[in-house]
Amino acid sequence: MRFSKAVVKCRIPILIVALILMVPSVMGMAATRINYDMLNYLPDDMDTVIGQNALLEDFGKGAFSFVIVEDMPLKDVAALKARIEEADHVESVIWYDSFADLSIPMELLPDKIYNAFNSGDATMMAVFFDTSTSADETMDAIRDIRAVAGKQCFVSGMSALVTDLKDLCEQEEPIYVGIAVVLACAAMMLFLDGWLVPFVFLASIGMAILLNLGTNYFLGEISYITKALSAVLQLAVTMDYSIFLWHSYNEQRERLADNKEAMAAAIHETLTSVVGSSITTIAGFAALCFMSFTLGRDLGLVMAKGVLLGVIGCVTILPALILVFDKPLQKTKHRSIIPSMDGFAKGVTKVFPIFLIVFVLLVYPAWYGYDQTNGEVYYDLGECLPEDMEYVIANSKLSELFDVASTHMLLVDAHLPAKTVCAMTDEMEQVDGVKYVLGLESIVGAEIPEAMIPASIKEILKSDRWELLLINSEYKVASDAVNDQLDQLTAILKKYDETGMLIGEAPCTKDMIETTDHDFQVVNAVSILAIFVIIALVEKSLLLPFILISVIELAIFINLGLPHYLGQSLPFIAPICISTIQLGATVDYAILMTTRYKAERASGKSKRDAVSIALSTSTPSIIVSGMGLFAATFGVAVYSDIDIISSMCMLMARGAIVSMLCVLLILPALLMLCDGLIRHTTLGMKVKAEKEVESL
């Protein structure tokens, strides 16, 4: 109680300090770099990552793009190439005039070179940048090229995707927060008992969100997914704690005449009740840190920090605000639209065998859909953008005009004999889907001595350590066909050069597929184990963790299984993150009800009465919390044009409703069924056997 009384006594200084902290928080948020490249989160020890670093160190080449030019005279294309080369951070541009003078007709070039750069009225040039794929300088260079090139030109490549993604995110993100705030506020106005209460809640949670976003500065950078979701998710998840404090404060006010004493008692009670609840949520987010694909660590750290700051804000900033605005808050109270749940609770406990049957019937189809959805996710990051984005249009042009769906880069030992390289490229060109392999030998021929090769060409394609070759493929990034192709190309490469490396968007994406597939299993296991242990300690029970987790896991299976039955494809990151987010965020509902059931049962109530009281008293809080999470995420899901953000928010919104229904209908049935076992495996629940026989 000492802490609670100190908060009440220092309420004004607390608000002053909180407001002062908003200034560095806003500055820190503005200074935090946002990373838009998913491939950046691959482990550093992978060949693809090592190869990308070698390309930058040895050749000064980081990012790579194709620029497609339609209906433009050759002299104008040459002039455009020269202007592109002048753009900041463009390292080199390869076009047909890199190998032959413009006075030589294109038709006299070797077929391979001619076909590589031309298709009907369209021609193509390869642009290399001296900065990495998602560097700010690269994105600025992409914008410069687009400005110089005009409407006849289309820029493809991962850097173009990242640029479009950044521009779209910056346009949408303020609207995400606005939608989440408005809808969450509307839900709270509807389901809580005061018109002004939601605004006080939002002020408190908003300060905690700004603190969280500001302290991200110390992480160096965060992903765009983390930035887009963290504010919405923190608002939705930590709203529960504010609701607990408000309900507790109103209860204490009925018992105590002084509102300051009532608040001190409410803070003490809330702190005790939210510790277990918040720890399970933090554990769910912390489990994401076990992903080797470090986007999980990025999202997990930020969200775990956000929940912790949300709890601190709930027991410091929120009580101070409530006391400051106590009079208007009390004057603007109204009756909640949620009626008494006594009849609902008695009805559920009366027909609980029906819900047990529903539980059993749902398990297999939910699990099957969940299992199938995990195999139907997509990894092509271009699919998350709308079809009218410049990158998507450019990629379509590249595929339609040049039959190129992806480009790989080869780094081979610079000291390999020319004949060996030629033999390797000939073998690679026999692999299904490979259009051609372009390197020094294919351009000038193996017979020409290296000393006779023009320095301008040699500098582009060869360093002291490595020779660079480009492979154009007909197969799309992340497709099974391109992954099989990469396996074959890697086998050929290693046969000729053990140290050689295959890099580019498709090889990196293949590594991402293999990494995240393993991560999915690890994160699920870690989150379930961590939350199991926490529930066992909080509830002092061996059986209750199994029951609670089985209910929430069923809700997760239903939520993630529905896309399979609805014919929807999810971005790869969604199932990994949502399974842990939904478990951590909604297991609170189950803990709330179970804690009350335990207390009622231990006090001597019959099992039916204990479950009925627990259900009727918990339902209003669960409905408000579930509808708050739904409201905060559903609007963003409908609005966003970025499929990763839209899909994850839709899954969170639907997950809140599914978890709410499972806890309100299936958990009471399991508590009724397992009551005897629960009492014998839980400390403090071994009550004397009732004389009367309890009917089912």
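All heavy atoms count here, side chains included; hydrogens, waters and symmetry mates do not. Along the sequence shown, the residues carry numbers beginning at 1.
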Verify the neighbour count for atom NZ of Lys166: are there more than 12 heavy atoms of other residues, nucleotides or ligands below 6.0 Å?
yes
Is it true that a side-chain atom of His680 and a backbone atom of Gly676 form a donor plus acceptor pair closer than 3.5 Å?
yes
Pair Ser248-Glu269, side-chain donor/acceptor within less than 3.5 Å:
yes
Counting only heavy atoms not in Tyr379 (residues, nucleotides, ligands), do more than 12 fall under 6.0 Å from its OH?
yes
dist Thr516:OG1 -> Gln521:CD (nearest 0.5 Å) comes out at 10.5 Å
Check the pair Met593, Lys598 against side-chain contact (heavy atoms from CB on, under 4.5 Å), reporting the backbone distance first and the verdict last.
CA-CA 9 Å; Met593 185 186 299; Lys598 272 179 57 192; over 6 Å; no
Within the side chain of Ser618, is there an N or O that forms a donor-acceptor pair under 3.5 Å with the backbone of Leu615?
no
If only atom types and distance count, is the side chain of Thr594 paired as donor or acceptor with the main-chain N or O of Ala590 below 3.5 Å?
yes
All ring-ring contact (aromatic ring centres under 6.0 Å, His included) counterparts of His564, not counting sequence neighbours
Tyr368
Here the pair of heavy atoms bringing Asp487 nearest to Lys510 is OD1-NZ, 2.9 Å
Out of Glu170, Glu221, Glu173, which residue meets the salt bridge (Lys or Arg N to Asp or Glu O under 4.0 Å) rule with Lys227?
Glu173
Answer yes if the side chains of Lys305 and Asn212 hold a donor-acceptor pair under 3.5 Å, and no otherwise.
yes
Counting C-beta onward and ignoring hydrogens, is there a side-chain heavy-atom pair between Leu245 and Tyr241 closer than 4.5 Å?
no
Okay, side chain of Ser4, backbone of His268: is any donor-acceptor separation there less than 3.5 Å?
yes
Can you tell me if CZ on Phe546 sees more than 12 non-hydrogen neighbours from other groups inside 6.0 Å?
no
Got a sec, which pairs hit ring pair (Phe, Tyr, Trp, His ring centres under 6.0 Å) with one end in residues 632-662, sequence neighbours left out?
Phe630-Phe634
Partner residues of Leu210 under the side-chain contact (heavy atoms from CB on, under 4.5 Å) criterion, sequence neighbours left out:
Met22, Ser25, Val26, Met29
Validation: residues 650-660 side-chain donor-acceptor distances under 3.5 Å, sequence neighbours left out:
unit_1	atom_1	unit_2	atom_2	d
Arg654	NE	Asn559	OD1	2.8
Arg654	NH2	Asn559	O	3.0
Ser659	OG	Gln582	NE2	3.0
Ser659	OG	Thr586	OG1	3.1
Ser659	OG	Gly655	O	3.0

Is any side-chain heavy atom of Ile678 less than 4.5 Å from a side-chain heavy atom of Ile547?
yes
Name all residues meeting the side-chain contact (heavy atoms from CB on, under 4.5 Å) criterion together with Ser640; count only those two or more places apart in sequence or in a different chain, and write none if there are none.
Glu172, Tyr176, Ile642, Ile645, Ser646
When you look at OH of Tyr378, are more than 12 heavy atoms from neighbouring residues, nucleotides or ligands closer to it than 6.0 Å?
yes
Any chance the side chains of Asp511 and Thr48 put a donor and an acceptor closer than 3.5 Å?
yes
Determine whether a donor-acceptor pair (N or O, by modelled atom type, separation under 3.5 Å) exists between the side chain of Ser479 and the backbone of Val482.
yes
Tell me yes or no: between the side chains of Asp480 and Tyr475, is some donor less than 3.5 Å from an acceptor?
no
If only atom types and distance count, is the side chain of Glu505 paired as donor or acceptor with the main-chain N or O of Ser406 below 3.5 Å?
no
Under a plain distance cut-off of 3.5 Å, with no hydrogens placed, do Thr682 and Lys540 share a side-chain donor-acceptor pair?
no
State whether the side chain of Ser647 and the backbone N or O of Ile644 hold a donor-acceptor pair below 3.5 Å, judged by distance alone.
no
Measuring from Phe201:CZ to Ser242:OG, what's the distance to the nearest 0.5 Å?
5.5 Å
Thr133 backbone acceptor or donor facing Ser159 side chain under 3.5 Å:
yes
Report yes or no: does Ser541 contribute a side-chain atom to a donor-acceptor pair with the main-chain N or O of Leu544 at less than 3.5 Å?
yes
Less than 3.5 Å apart, which donor and acceptor atoms pair up between the side chains of residues 36-46 and the rest of the protein, not counting sequence neighbours?
unit_1	atom_1	unit_2	atom_2	d
Asp37	OD1	Leu39	N	3.0
Tyr41	OH	Asn35	ND2	3.4
Tyr41	OH	Ser223	N	3.3

Considering non-hydrogen atoms only, spot the tightest contact between Ser292 and Thr515 and give its length.
OG-CG2, 3.1 Å
